[in-house]
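Working notes, beginning with the structure itself.
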Amino acid sequence: MLKIKRHLIFGSVFLLGAMALGYFSGKSFMSMHIDDHIFPSSGLTENKMLSEYFPKLKKTPGDTPVFIFQGEQPGRNILILGGAHPNEPAGTIAAILLVENIHVQAGKVIIIPWANHSGFTHNDPQEGSPQRFSIRTQDGQRWFKYGSRLTNPIHQWPDPTVYINPSGQKLAGTECRNLNRSYPGRRNGNLTEKIAFGIMEVLISENIDLALDLHEAAPEYPVINAIVFHESSAEIASIAFMELQLSNLEFRLEASPPNLRGLSHREWGDFAKVKAVLLETANVSHGRLKGKPSASLITEGRDKNYVKADKLGRLFVPFKEEGIPLKLRVARHLASIEALISALQEEDPTKIFAIHGLPSMERVKIEGIGQFLAPPK
Amino acid sequence: MKKTHFSIFMLFLAFILLITDPLSPKEFPQFKQPVLITSAGQSAEVQLASVLAKRAGLNYSLSKTATSRDLADVKTIALVIGTSLKGLGAAGLDMSQENERVSSLIKATQQFNIPILCLHLGGEQRRGTLSDQMIKTVLPFAQHVIVVKSGNKDGLFTEICNTHSIPLIEVERAADALEPLKNAFL
Ligand SMILES: [Zn+2]
């Protein structure tokens, strides 16, 4: 009798424990479906959703905020896209930094910080990546999700064995959830293709002149610290490249190959006739040589394996003890954006563009990102 | 009195020589316009050369894949050296087709007596087996070479230029190639 009773007590405690574990891990898992906060500057003129450009995205996990900064005078129109790959935080954070700081006097800036919104609701299985990383502001910590390169399979499933993208290129099946292989999108396609289609609608209906796609890649990847340009933006990319060299920033200038289909720097230029440029910075938390994944690896960017790899000449960027922190990667993106905008103005001075509050590379490098982010409310 | 005149004249002459420094322009060849800018290896630096030529106010045209047919009225060829597999892919060429195009272009320039100005603007990042091969084939035919310093760390450009007595200018960054490019033209 006593024996059975003891089993009952033990069983109940075990069951309750399992339920609690299930509850808390489930809650943590589901918390990835809640958006981070963005606090736009007073320069924001309109806050739209992507579904307002393409209604089929309405009430889907692919719908995402579109921040519009319309100047009083007409002029150049610029689109800045972050988070096409939600595990490349320098792009997302640079985009959020812009939303929270800029004022546009002439022309228009449109910012989409979470381009693949679904990709921010999970992260890559078996990678051990943290769900979030934090940045200290003047008054408290801000937390940001670290997502996956691909759309969440809960939202788009199953993957085909071979994926043929909207431009007809054959790719591995999982690439059907890669936003930056899905342009120019499909009106009746899968969720990722619909997001791509929505972004094309923004480019076309907002008369965008220059569109920038912000990314990151591993230091062992050859296209790194790169400016990849569509042929229509060859001149401004070259001017920006030389401008950045004068600020001691080395980049790799690469032309977008016309036979590499589905990517922003190709299809935005071909289909929406905009000047399309993709920017890459070097992120160790992305790489295969890294040690333990952690939130500080994302923000501090220090890793001894990469220091060793650099000494062996295996990397495409210099990598020293001090690493490549997030603030430096964001600063590079900001410097590139500034250089490309001024190149655009140099190319055709008759069309105006005036922006204030763009945090400078030097200040972000010295004062940190948090100095330019609103404190959490 | 005469002596004073003479010494004043000599002083004046020395002053003129000093401010005009007649040696410097003669050290480097002078090229004529229009100039055709083309690539040797299809790296994106050909676009940098085009922006520099525009800023230098040169009469130029850009054809990344120029052939002997594009040489009508051209007085100078600016060859921008650097091999990029991405760039070759973009131009729809493979390495052997690009080598073939560049060598037949060089042959044609010799036939028509068109001088070649070589530029290497990609620095250290645009060196490596494929680029080096292109440098070694093309550089000996140049009349003048401008190179971004970090691309000549191992002295490859210096060595080839010395062997073939080609005047070489090193610049710190791509943007710094503007002045020597401007000065290279009449
Ligand atoms: Zn990416």
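Chain identifiers are assigned alphabetically (A, B, ...) following the order of the sequence lines, protein sequences preceding nucleic acid strands; residue numbering begins at 1 within each chain.
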Any residue meeting side-chain hydrogen bond (donor to acceptor under 3.5 Å, both in side chains) with B:T137, in chain and number order, not counting sequence neighbours: none
Sequence neighbours excluded, every pair satisfying salt bridge (Lys or Arg N to Asp or Glu O under 4.0 Å) that has a member inside residues 102-111 of chain B: none
Report the donor-acceptor contacts between chain B and chain A below 3.5 Å as a table, one pair per row.
unit_1, atom_1, unit_2, atom_2, d
B:K54, NZ, A:E235, OE2, 2.7
B:R55, NE, A:E346, OE2, 3.2
B:R55, NH2, A:E346, OE1, 3.0
B:R55, NH2, A:E346, OE2, 3.0
B:R126, NH2, A:L253, O, 3.4
B:R173, NE, A:Q245, O, 3.2
B:R173, NH2, A:N248, OD1, 2.7
B:A174, N, A:Q245, OE1, 3.1

Candidate pair A:F319 and A:V307, rule side-chain contact (heavy atoms from CB on, under 4.5 Å), full reasoning: CA-CA 6 Å; A:F319 199 97; A:V307 177; 4.0 Å; yes
Ring pair (Phe, Tyr, Trp, His ring centres under 6.0 Å) partners for B:F185, two or more places apart: B:F31
Contact origin within A:F229 toward chain B - heavy atom pairs under 4.5 Å: side chain
Audit row: A:L249, A:M361, side-chain contact (heavy atoms from CB on, under 4.5 Å) steps and yes/no: CA-CA 10 Å; A:L249 288 177; A:M361 173 190 76; 3.2 Å; yes
Spatial distance of atom CG (A:L79) from atom CG (A:L210) [nearest 0.5 Å]: 9.0 Å
